[in-house]
S.K.: 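This is the structure I have questions about; it appears just below.
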Amino acid sequence: MFLTKLSRLNPNPLLLILTRHLSNPSKLHDRYSFKPPPSLSPNTQGQNPNHNNPKKKQKPQYRPPSSLDRTGQKPIHSDLPFDFRYSYTESSPTVRPIGLREPKYSPFGPGRIDREWIGVCAPAVDPKVRSVQGAEEDPKLEEKRKRRRQKVQGEPLTPAERKILVDKCQRPKTKRQINLGRDGLTHNMLNDIQNHWKHDEAVRIKCLGVPTVDMKNVCTQLEDKTFGKIIHRHGGVLVLYRGRNYKPKKRPVIPLMLWRPHEPIYPRLIKTTIDGLSIEETKEMRKRGLAVPALTKLAKNGYYGSLVSMVRDAFICCELVRIDCQGLEKSDYKKIGCKLRDLVPCILVTFEKEQIVVWRGKDYKPLEDGYFLPDRELFDNPEGDLVSGEEGCGNSDGNSSEEEFDSGEE
């Protein structure tokens with residue numbers, strides 16, 4: 001009031017600036033924690049000065065519904081006729097682990113599916129199985145898979161239809177692609193393939209890394225678990241067709257894994273002494289193996305489709321073979337060595353210094369089983385089905401990176 005009277009008597013510009021400064025409560029409160037009296041507040045007429053306006057409660061942020069939220073809902077039921085595994089190409093149901101690193105817990109989340117996780121898989125036969133040794137697949141499931149796949153596939157494609165679908169999946173025409181890496185065909189990848197099939201009849205899959213050592217197993221598992229059909233293959237690039245009778249609205253229920261399960265404990269790959277040899281002979285063989293010239297050098301995340309055939313050919317003239325794996329992950333070249341042991345077959349000698357050294361054994365006989373697939377396959381023949389047992393005889397370079405198939409070549 002005193003300042004107001006002074007401003008009326010003597011309109012000094014300095015007093016006007018001071019009055020405006022004091023009448024601004026926000027600046028005073030921020031700088032000096034000063035609250036002006038009600039007479040200097042401009043918007044206090046007709047209001048209670050002791051009334052504090054409470055802050056409005058903000059609305060909770062919108063959260064879209066998620067299929068992962070299963071609170072108060074029944075567990076997911078899936079009638080897929082196979083055991084749920086983290087990887088279908090890098091884990092075999094015939095190989096049993098000797099133990100588990102962690103207690104058994106479901107990677108799908110607690111109570112999300114009606115199958116019991118036994119440490120390595122969720123069996124489709126008996127959901128109440130709790131023993132690793134007791135999990136055996138029902139032989140009737142194989143017939144159920146074949147009948148379901150035949151129902152989805154319908155009549156085989158004609159060469160013209162196959163050519164049109166393959167042409168649509170080439171890199172210049174589409175960017176849609178699924179990458180199959182070191183873990184191979186994982187369970188969640190099945191859901192990715194089904195999502196691609198909602199938009200296109202076929203999907204391109206690029207395979208690199210450890211699984212390409214056994215491409216026949218990759219192709220077989222893809223057709224077996226997705227109920228689709230591979231209509232083109234060039235090295236590690238596949239085109240997977242969904243089938244004539246496929247209906248996206250009736251796609252199978254695939255529960256997603258929320259995290260990766262712990263790797264079980266398997267027997268050691270490298271033993272202290274090789275069977276049939278003494279300790280001194282084993283040490284001498286490891287020294288010789290590291291000194292022999294390298295058969296090939298594996299590129300990181302490369303295509304290793306002809307590696308097994310190269311080792312088989314090298315065993316004709318040499319008893320020890322060394323493969324240079326510098327730059328690869330330790331787990332990767334150990335998996336490659338395990339695949340070589342089963343496919344060649346051979347005896348693992350050592351993994352020292354990022355090398356794979358294998359021995360052919362005392363009584364080695366070269367195998368000619370026609371196991372390997374050719375570098376490039378055409379599927380014009382309806383009988384050329386990998387699941388029914390088609391076998392090839394050619395190979396591609398084992399240490400070169402994968403190239404896309406050409407746009408105009410058939």
Side-chain angles (χ1 to χ4, degrees), residues 89-90 92 95 182 184 207-220 233 235-236 266-271 274-277 281-282 284-376 391-402:
T89 57
E90 303 308 299
S92 174
V95 180
R182 64 175 58 178
C207 309
L208 292 175
V210 179
T212 59
V213 177
D214 190 2
M215 276 302 298
K216 185 175 182 180
N217 182 42
V218 172
C219 298
T220 303
R233 188 182 74 84
Y266 292 98
R268 293 184 61 182
L269 295 176
I270 303 297
K271 299 182 180 179
I274 299 175
D275 295 339
L277 300 178
E281 291 175 341
T282 302
E284 182 64 25
M285 183 170 291
R286 285 171 180 163
K287 291 181 181 179
R288 288 171 48 206
L290 293 173
V292 298
L295 176 66
T296 182
K297 187 181 188 311
L298 300 183
K300 189 175 182 180
N301 296 328
Y303 176 71
Y304 317 131
S306 67
L307 184 60
V308 176
S309 62
M310 292 172 65
V311 175
R312 283 186 178 182
D313 294 340
F315 276 161
I316 298 176
C317 58
C318 304
E319 64 174 356
L320 286 171
V321 171
R322 178 171 68 91
I323 302 170
D324 190 359
C325 301
Q326 289 186 358
L328 272 70
E329 297 288 339
K330 188 175 182 180
S331 60
D332 287 356
Y333 59 77
K334 281 190 174 182
K335 290 180 181 179
I336 293 174
C338 184
K339 289 178 181 291
L340 292 176
R341 180 195 62 182
D342 299 333
L343 298 177
V344 173
C346 58
I347 300 173
L348 296 175
V349 177
T350 184
F351 288 129
E352 294 180 1
K353 299 179 181 179
E354 297 184 350
Q355 309 292 317
I356 300 176
V357 179
V358 293
W359 179 45
R360 68 183 182 183
K362 294 183 178 180
D363 302 327
Y364 175 75
K365 294 181 180 180
L367 300 177
E368 297 179 358
D369 55 357
Y371 181 84
F372 305 101
L373 300 174
D375 179 37
R376 188 184 185 94
E391 296 178 351
C393 57
N395 311 303
S396 62
D397 295 336
N399 59 346
S400 61
S401 59
E402 180 56 42

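What you see is a predicted model, and the numbers here were worked out from it, not measured in a lab. Reckoned from all heavy atoms, side chains included, excluding hydrogens, waters and symmetry mates.
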S.K.: Is there a donor-acceptor contact under 3.5 Å from the side chain of T212 to the main chain of Y303?
M.R.: no

S.K.: Grab the two heavy atoms, one from R286 and one from K271, that are nearest each other, plus how far apart they are.
M.R.: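 It is NH2-O, 2.6 Å.
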
S.K.: Under 3.5 Å, side chain of Y304 to main-chain N/O of I336, donor-acceptor pair present?
M.R.: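 No, the answer is negative, given that no donor and acceptor are paired below the 3.5 Å cut-off.
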
S.K.: Of all the heavy-atom pairs spanning T89 and G184, show the shortest one and how long it is.
M.R.: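 That closest heavy-atom pairing would be OG1-CA, 3.2 Å.
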
S.K.: Check E90 with K339, please: is the shortest side-chain N to carboxylate O separation under 4.0 Å?
M.R.: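 Yes, charged N to carboxylate O under 4.0 Å.
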
S.K.: With no hydrogens and no angle check, is any side-chain donor or acceptor of K353 less than 3.5 Å from a backbone partner on L290?
M.R.: no

S.K.: Looking at M215 and G236, what are the two nearest heavy atoms and their distance?
M.R.: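 Taking M215 first and G236 second, the nearest heavy atoms are CE-CA, 4.2 Å.
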
S.K.: If you apply the rule salt bridge (charged side-chain N to carboxylate O under 4.0 Å, His left out), what do you find for K287 with E352, and how did you get there?
M.R.: CA-CA 10 Å; K287 291 181 181 179; E352 294 180 1; over 6 Å; no

S.K.: If we only count heavy atoms from C-beta on, is the L307 to T296 side-chain gap below 4.5 Å?
M.R.: yes

S.K.: Between R360 and R312, is a side-chain contact (heavy atoms from CB on, under 4.5 Å) present by the stated rule, with each step listed?
M.R.: CA-CA 9 Å; R360 68 183 182 183; R312 283 186 178 182; over 6 Å; no

S.K.: Using the side-chain contact (heavy atoms from CB on, under 4.5 Å) rule, take I347 and I274 through it: C-alpha gap first, then chi angles, then the decisive distance, then the call.
M.R.: CA-CA 8 Å; I347 300 173; I274 299 175; 3.8 Å; yes

S.K.: So how far is it from I356 CD1 to L298 CG, rounded to the nearest 0.5 Å?
M.R.: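 Rounded to the nearest 0.5 Å, the CD1-CG separation comes out at 6.5 Å.
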
S.K.: Between W359 and L277, is there a side-chain heavy-atom distance shorter than 4.5 Å?
M.R.: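 Contact flag for L277/W359 side chains = yes.
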
S.K.: Please give me the minimum heavy-atom distance between R341 and L348, naming the atom from each residue.
M.R.: CB-CG, 4.2 Å

S.K.: Begin with the C-alpha distance, continue with both residues' side-chain angles, and end with the deciding distance and a verdict on side-chain contact (heavy atoms from CB on, under 4.5 Å) for L320 and R288.
M.R.: CA-CA 8 Å; L320 286 171; R288 288 171 48 206; 4.0 Å; yes

S.K.: Within a strict 4.5 Å, meaning less than it, do heavy atoms of the E329 and R182 side chains meet?
M.R.: yes

S.K.: Do L328 and E354 pass the side-chain contact (heavy atoms from CB on, under 4.5 Å) test, and can you show the C-alpha distance, the side-chain angles, and the key distance before you say yes or no?
M.R.: CA-CA 8 Å; L328 272 70; E354 297 184 350; over 6 Å; no

S.K.: Roughly how far apart are D332 CG and K330 NZ, rounded to 0.5 Å?
M.R.: 12.5 Å

S.K.: What closest approach, in Å, do Y333 and F351 show between heavy atoms, and which atom pair accounts for it?
M.R.: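 Nearest heavy atoms, Y333 then F351: O-CE2, 3.8 Å.
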
S.K.: Short question: side chain of R322, backbone of V292 - any donor-acceptor pair under 3.5 Å?
M.R.: yes

S.K.: Heavy atoms only: give me the nearest L340-C346 pair and the separation to one decimal.
M.R.: O-SG, 3.5 Å

S.K.: Given side chains that start at C-beta, do those of M310 and L295 come closer than 4.5 Å, heavy atoms only?
M.R.: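 M310 vs L295: side chains touch.
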
